[in-house]
Amino acid sequence: MAPRFSELNKVLVNDGANEPYEGYVVGSEFEKGRWIYKISITENPPAKGTWDNWAPEEWLELTK
């Protein structure tokens, strides 16, 4: 199974708890039966809580 997003794809990250933000995929890993992606945040990182910049595929949407 191949990852849905490739490195350097620009994505919108929406976890449902914070304001959505944009970033770039800089890595991917298949873990526990699903793809997770390391995201480089472009602007306005999430303000609440801690964030280790890995996001599951279901939080991501490809942007232009």
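Keep in mind the model is a prediction, meaning the values are calculated, not measured.
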query = Heavy-atom distance under 4.5 Å between the side chains of Trp54 and Glu31, does that happen here?
reply = no
ask   = Between Asn53 (side chain) and Ile39 (backbone), is there a donor-acceptor pair under 3.5 Å?
value = yes
ask   = Is there a path of hydrophobic side-chain contacts, each under 4.5 Å between heavy atoms of I, L, V, M, F, W or Y residues, that connects Leu60 with Leu62?
value = yes
inquiry  = For Glu57 versus Tyr37, what's the shortest heavy-atom pair and its separation?
reply    = OE2-OH, 2.6 Å
request  = For residues Trp35 and Ser28, report the shortest heavy-atom separation together with the two atoms involved.
outcome  = CZ3-OG, 3.9 Å
key: Shortest non-hydrogen separation from Phe30 to Met1 and the atoms involved   = CE1-SD, 3.9 Å
task = To the nearest 0.5 Å, tell me how far Trp59 CH2 sits from Ile36 CD1.
result = 10.5 Å
query = Can you find a pair of side-chain heavy atoms, one from Val11 and one from Val13, that are under 4.5 Å apart?
reply = yes
request  = Considering non-hydrogen atoms only, spot the tightest contact between Pro56 and Arg34 and give its length.
outcome  = CB-NH1, 3.5 Å
message = To the closest 0.5 Å, what do you measure between CG (Asn14) and CD (Glu22)?
response = 12.0 Å
Val25 versus Ser6, closest heavy-atom pair with distance = CB-O, 3.5 Å
inquiry  = Has Thr63 got a side-chain atom pairing as donor or acceptor with Lys10's backbone, closer than 3.5 angstrom?
reply    = yes
